[in-house]
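Atoms within each ligand, like the ligands themselves, are counted from 1 in listed order. What you see is a predicted model; the values in this text were computed from it and never measured.
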Amino acid sequence: MSGEKNLKVALLGCGTVGAQVARILLEDANELASRSGAGLQLIGIAVRNLESKRDVELPKELFTTDALGLIEQADVVIELLGGLDPAGQYIAAALDKGASVITGNKALIALKGAELNEVAARTGAQLRYEAAVAGAIPILRPIADSLAGDRITKVMGIVNGTTNFILDAMDTTGAAFDDVLAQAQALGYAEADPTADVGGHDAAAKAAILASLAFHTNISSEQVSTEGITEVTAEDVAAAAEAGYVIKLLAIAEQSDAGISVRVYPSLIARSHPLATVHGAFNAVFVEAENAGDLMFYGAGAGGNATASAVMGDVVAVARQIAAGAPLPNGSVAQSPRMLDFDAITTRYWIGLSVKDQSGVLAAIATVFGEHGVSIQSMSQQGDAHSGAQLRILTHQGTESALASTVEALKALDAVHSVLSVMRVEGN
Ligand SMILES: NC(=O)c1ccc[n+]([C@@H]2O[C@H](COP(=O)([O-])OP(=O)(O)OC[C@H]3O[C@@H](n4cnc5c(N)ncnc54)[C@H](O)[C@@H]3O)[C@@H](O)[C@H]2O)c1
Ligand SMILES: N[C@@H](CCO)C(=O)O
Ligand code: NA
């Protein structure tokens, strides 16, 4: 395209995702230019070590250790370093000088997104982060743009590939947690520090971003009630399977007249539920909107190539807007969120107990439920007086506070040796 604008693109980071982004920018330069209405010239890649081996063969002269120097020359900055610092400083510096930024950094956006958006609004730069949530799946733009004329009431999904990979392998092969985590790391799904994945924090960051866009507000990852999967045992997975359920790490954002609730926890869902069929590192997100009804988005939630696709979609969108010189559309009006207390959410519990196998035990347990106003849906028992008895109890809907205090009271019962597990049940 002759006479077109040429945009100088700086890439920060050349790891799993960054290397694939560099490859696409170089391999598909002509096609990207005609789709963008502007040339996209990769002017440099900021790395820590110039000599490191990369996933992709790239021209050596592109590499630099001077990230700020590179940002200084760029029109568009792609941040794929991860972590809060220095990524946050680099993004702020780029936006502050009017360069647009594309990032996959959910940890940073979920904590500092509001601040960074303010800088972008002040300088007229764009900040986009489709890759930050559910990898390749287009989910942020559908929520922010396609559903801008509707009212979203709930977003529920599997948004962490690593934990889905682990739970799926535990379910299908009975594999041990640690072995599967090592595989997920080798495949490039896990964060540099995998405790962000298994502790639920990566999913919590994504839940905060989804909730902020869906409910036109600013919700930080610190406002998300978060439980990870480290306590989920092979016995839990097997017992859930026996009862017709599968365990998934779910991110849930809900808005009602009472307020907003955003939470992440391992949850049982029926095998007949569409989320139960999400295997490996795949992600899926359900969106419920007043007029659109139920929508589902499914695809690769992690991995270098897949995530690079989402990054490149944002790069083209940014370039188109710069090339057109179009004014930025107004984003969502940020209102302060009215957060619902976690104790007030309504859920169902699945409780595993190790109990004495003798008469009167079931009656004592049922009494505790009755005293807390929690109704039992079903109960099953394994084991015997010799090996020790295990009960798995599924409740009807109750408030989190009633369910949690029921568990506390069960622990105090003479008939109960220990509480083996407590998990919530989602879906119908
Ligand atoms: N891998 C995925 O599947 C995936 C999916 C969606 C989003 N993301 C996000 O994309 C970002 C990058 O992820 P990744 O998987 O490519 O990570 P990675 O660890 O493979 O790559 C990051 C690279 O940045 C480099 N780096 C870190 N700090 C640096 C600094 N100060 N200066 C120069 N280089 C530095 C590291 O050495 C590494 O090579 C993260 O924010 C991650 O959360 C990753
Ligand atoms: N570590 C993340 C990468 C994608 O955001 C995951 O496993 O889903
Ligand atoms: Na996405």
Short N or O distance, Lys106 and ligand 1, threshold 3.5 Å exclusive: yes
Which one of Leu250, Leu249, Thr163 satisfies the side chain to side chain contact (heavy atoms under 4.5 Å, CB included) criterion with Ile158? Leu250
If you have a sec, work out which protein heavy atom is nearest atom 13 (O) of ligand 1 and how many Å separate them, to one decimal? Val17 CG2, 4.1 Å
Measure distances from the Na ion (ligand 3) and count the protein N, O or S atoms below 3.0 Å. 5
Please say whether Thr16 places an N or O atom under 3.5 Å from an N or O atom belonging to ligand 1. yes
For residues 281-303, which side-chain donor-acceptor pairs fall under 3.5 Å, sequence neighbours excluded?
residue	atom	partner	partner atom	Å
Glu290	OE1	Arg151	NH1	2.9
Asn291	ND2	Asp150	OD1	3.3

Could you check if a side-chain atom of Val232 sits within less than 4.5 angstrom of a side-chain atom of Ile229, using non-hydrogen atoms only? yes
Is there a polar contact, in the sense of an N or O pair closer than 3.5 Å, between Lys106 and ligand 2? yes
Could you find the nearest protein heavy atom to atom 37 (O) of ligand 1 and give me its residue, atom name and distance? Arg48 NH2, 3.4 Å
Any heavy atom of Thr162 under 4.0 Å from ligand 2? The part involved is both
For ligand 1, is Ala132 a contact, meaning one of its heavy atoms is under 4.0 Å away? no
Can you pull out the closest protein heavy atom to atom 23 (C) of ligand 1? Residue, atom name and distance to 0.1 Å, please. Gly15 N, 3.8 Å
Can you tell me which residue among Ile152, Thr153, Ile143, Leu210 is in a side chain to side chain contact (heavy atoms under 4.5 Å, CB included) with Phe215? Ile152
Are any of the N or O atoms of Tyr189 closer than 3.5 Å to those of ligand 1? no
Geometry only, no angles: is Gly303 polar-contacting ligand 1 at N/O separations under 3.5 Å? yes
